[in-house]
Number of protein chains: 2
Amino acid sequence: MHSVGSMTYEAFNRQVMVSLEDICLEIFNDDTSTIKIKNPKIGVKKLVKIIEAALKLSNEKGFHAMSLRELCQESGMSMGGLYAYIESKDDLPRIIHDQGRRILGKVMSENLEDIRDPAQRLEMAIRIHLYLSERMLPWFYFAYMETRFFSTDVKQMSMSNELYTEKIFEKIVEDGCKSGIFAQVEPVFTASIIKAMLQDWYLKHWKYKNRKVSVDDYADFVISWVNGFLIAS
Amino acid sequence: MHSVGSMTYEAFNRQVMVSLEDICLEIFNDDTSTIKIKNPKIGVKKLVKIIEAALKLSNEKGFHAMSLRELCQESGMSMGGLYAYIESKDDLPRIIHDQGRRILGKVMSENLEDIRDPAQRLEMAIRIHLYLSERMLPWFYFAYMETRFFSTDVKQMSMSNELYTEKIFEKIVEDGCKSGIFAQVEPVFTASIIKAMLQDWYLKHWKYKNRKVSVDDYADFVISWVNGFLIAS
DNA sequence: GTCTATACAACGATAGAC
DNA sequence: GTCTATCGTTGTATAGAC
């Protein structure tokens with residue numbers, strides 16, 4: 001089912017369902033203490049709007065510079081209304097991080113679980129991460145640029161996200177080295193560099209868009225570059 | 001004089017003089033309209049303190065979250081005193097960017113001017129950029145993380161910085177490809193990836209420090225990785 | 001469940017004493 | 001050249017009407 005050969009961004013969009021509504025329903029059900037709304041039908045819809053508006057404004061001018069008055073205007077509600085969904089402004093990063101972490105973990109593990117060959121597994125991990133960051137661009141950008149400002153527990157959520165991703169790549173490179181498929185390289189360094197390339201896609205998105213580089217082009221290039229280094233010829 | 005063979009971080013620190021005081025004197029002399037202080041002896045010393053404090057606080061909590069009251073406390077002066085050096089809070093990013101841009105341009109061009117061989121030139125460009133970012137870590141971090149929030153003209157200064165660096169690498173790769181020393185690769189893509197690696201050094205500095213990776217270790221690794229891709233064997 | 005009106009703290013900036 | 005005192009604005013957060 002999950003074959004790397006046929007994986008393109010178009011195929012990813014068909015196969016991998018990332019519904020913001022579903023995830024917000026999960027958050028809605030978990031966060032009964034801070035969210036004062038009872039009706040899920042109403043609550044989830046507004047929660048989606050709040051998250052989308054917060055991501056948009058934060059990415060434009062920074063989370064700290066975004067005022068809650070602006071957030072209310074952007075998401076079409078009043079100050080009083082907003083405070084039925086959050087306890088303070090600092091709740092927003094927590095909700096946003098939570099939402100992205102659930103999706104990232106789910107999609108990565110689902111798509112990698114039945115691929116054993118290190119080279120194929122590496123290619124799939126790179127593609128899935130790139131495609132997911134393309135789909136959830138505002139979230140990835142937010143998570144990277146704003147995390148350092150937040151409270152300790154949100155920072156830790158983000159750190160564990162980072163390490164989770166990095167470990168996936170380290171593990172694959174290590175396995176490939178051991179089984180002799182890859183050349184003998186430093187797995188930790190190599191994973192760092194691969195991650196830097198993946199991050200460049202969503203951090204410098206405007207640059208690649210201007211150059212008319214599609215996410216598939218970029219994925220192909222990263223994979224050929226990585227293979228050039230790992231597959232000793 | 002500028003031989004890449006002997007270039008290490010230790011040698012860089014001995015050879016390349018980057019005096020914050022000298023640069024601040026330049027700024028002090030240029031910015032006679034906003035800076036109301038007449039005596040350079042006093043003015044330059046405080047300007048250095050202001051820039052250092054602003055970089056420290058901005059990198060800890062973000063430029064927007066840093067209050068000018070904190071900045072005054074950190075740099076040992078009063079609100080009234082501070083306003084003899086700046087016209088508004090928005091002056092700070094301009095001064096900080098200006099300062100770094102002068103150093104970056106000077107150091108890069110000085111160290112590359114008499115190296116012709118593309119492979120040597122590429123190695124030197126990578127090393128100088130890494131060593132400079134190690135020395136001016138707070139500035140590089142600030143320039144990357146805060147630029148998007150500022151006024152159009154500061155943004156443009158930063159953009160031209162980015163392009164300046166990227167063009168250096170593009171040009172070297174292109175020359176190497178034409179002369180047959182490098183394999184036939186996409187210069188634009190390749191320069192992007194190299195830049196992403198250089199950025200990872202100052203953006204994830206804590207990570208490498210924890211792993212006890214020195215800037216020389218990192219430089220060696222980046223260069224071996226790049227050579228593996230460029231020098232067809 | 002959502003709105004308007006308001007409280008209160010913190011911010012950037014300035015005036016005037018020294 | 002530097003300080004203290006103070007201004008007006010804007011921010012987060014809440015209370016009470018509907």
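These numbers come from the heavy atoms of this one structure, side chains and all, not from hydrogens, waters or symmetry mates. Each chain gets a letter, A, B and so on, in the order its sequence line appears, and its residues count up from 1.
The residue from B:L20, B:V18, B:L104 that alone fulfils the side chain to side chain contact (heavy atoms under 4.5 Å, CB included) condition with B:M136 is B:V18.
Atom-to-atom, CZ of B:F63 to C1' of C:dC11 comes out at 13 Å; the value is rounded to the nearest Å. The nearest whole Å value for the distance from the CG atom in B:D91 to the P atom in C:dG12 is 14 Å. Taking atom CG on A:L71 and atom C1' on D:dG11, their separation rounds to 14 Å, with Å as the unit. One interatomic measurement links the two molecules: OH of B:Y83 to P of D:dT6, which rounds to 19 Å at whole-angstrom precision. The separation between B:K49 atom NZ and D:dT2 atom C1' is 14 Å, rounded to whole Å. Summarising the geometry, the separation between NZ on B:K89 and P on C:dT14 is reported as 15 Å, rounded to the nearest angstrom. Between B:L82 atom CG and C:dG12 atom P the separation is 10 Å, expressed in whole Å. Distance, B:I37 CD1 to D:dG1 P: 5 Å, rounded to whole Å.
Each of B:R69 and B:K46 has a nearest nucleotide on DNA chain D; the 5'-most of these lies closest to B:K46. Nearest-nucleotide positions on DNA chain C for A:M77 and B:E70 put A:M77 closer to the 5' end.
Salt bridge B:E52/B:K49: absent, no basic N to carboxylate O contact under 4.0 Å. Using a 4.0 Å cut-off between charged nitrogen and carboxylate oxygen, B:E70 and B:K61 count as a salt-bridge pair.
Remark: the A:S133 side chain and the A:H205 side chain contain no N/O donor-acceptor pair separated by less than 3.5 Å.
Across all strands shown, A:S78 has heavy atoms under 4.0 Å from base atoms, whether or not it also approaches the sugar-phosphate.
You'll find that the side chain of A:L68 is closest to D:dA13, out of C:dG12, D:dG11, D:dA13.
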